Amino acid sequence: MNAERQELMSKTEGAQWAACPILLWGIFGTKSPAERRFIMRCCYAGAVAAGWVVVAFSLHLTTKRVFRPVIALLGGGVITYIAWEFRRYLLQLDELARRMQFEAMAWTYLTGLALAAWLGVLLPFSRTLTHWPYKPGFLLLTPFLFFVLEPIRAAWLYYLSRRY
Amino acid sequence: MKNCLRVLRAERSLSQADLAEQLEVSRQTVNAIETERYDPSISLAFKIAAVFERSIEEIFTPNGNGTRI
């Protein structure tokens with residue numbers, strides 16, 4: 001019994017956060033009820049968005065002016081819902097996990113600012129060289145920012161998870 | 001901050017997971033505290049002290065370095 005205990009203790013010591021859920025989902029992979037709920041809700045939201053895109057394209061709704069705001073609003077609505085669920089997930093974390101999530105978000109914010117500043121310089125510059133039809137408007141789309149910033153947050157979270 | 005959490009845990013034959021369950025934190029949090037990579041909050045320090053029936057000062061000793069930022 002004592003030997004089993006010693007073995008168990010030596011196995012758990014030095015254990016780190018799992019890399020896969022951090023890089024894929026930006027969470028720690030502890031399989032807690034809060035994590036499972038967050039993942040499920042994200043999947044539901046993603047399925048609704050994907051279903052709506054399929055319906056919109058199959059019924060040619062994107063060509064009709066009246067549906068364009070509805071399509072645009074759905075993206076914002078889905079991401080707002082995911083953000084709300086993420087907030088609920090954060091409240092369930094223990095203090096170190098929450099600290100790491102907040103640190104990752106802070107670093108993501110700073111990285112995003114730096115990225116935006118560099119894109120503002122590099123894109124017009126590359127346009128003059130390559131004659132690429134640069135349209136800064138696409139940078140304002142919320143889904144674009146979400147899909148760029150989420151991997152950055154996951155990368156920061158991974159880096160922080162190796163530190164603690 | 002230095003601590004003797006590992007020694008106290010070994011004395012009671014508790015695994016990191018057992019202690020984490022009692023403290024209502026993750027196993028990785030216990031590991032980070034033990035390896036002195038993370039300084040716990042006051043409330044968690046009180047919980048740790050209660051589990052081992054010691055005072056906070058007996059478990060944690062300041063060494064001038066806080067959690068890295």
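Small disclaimer: the values here were computed from a predicted structure and weren't measured. Residue numbers begin at 1 in each chain, while the letters A, B, ... track the order of the sequences.
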Notebook entry, point to check: What pair of heavy atoms forms the shortest contact from B:Ala32 to A:Leu96, and how long is it?
Noted result: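 Heavy atoms only, the tightest pair is CB-CD2, 3.6 Å.
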Nearest heavy-atom contact between A:Arg162 and B:Arg37 is O-NH1, 4.3 Å
Enclosure of [X] [atom1] (heavy-atom neighbours >12, cutoff 6.0 Å):
X        : atom1 : value
B:Glu21  : CD    : no
A:Leu113 : CG    : yes
B:Glu11  : CD    : yes

Return the CZ to OG1 distance between A:Arg99 and B:Thr29, rounded to the nearest 0.5 Å.
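The CZ atom of A:Arg99 sits 11.5 Å away from the OG1 atom of B:Thr29.
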Co-membership, hydrophobic cluster, residues A:Leu24 and A:Phe86, 4.5 Å side-chain = yes
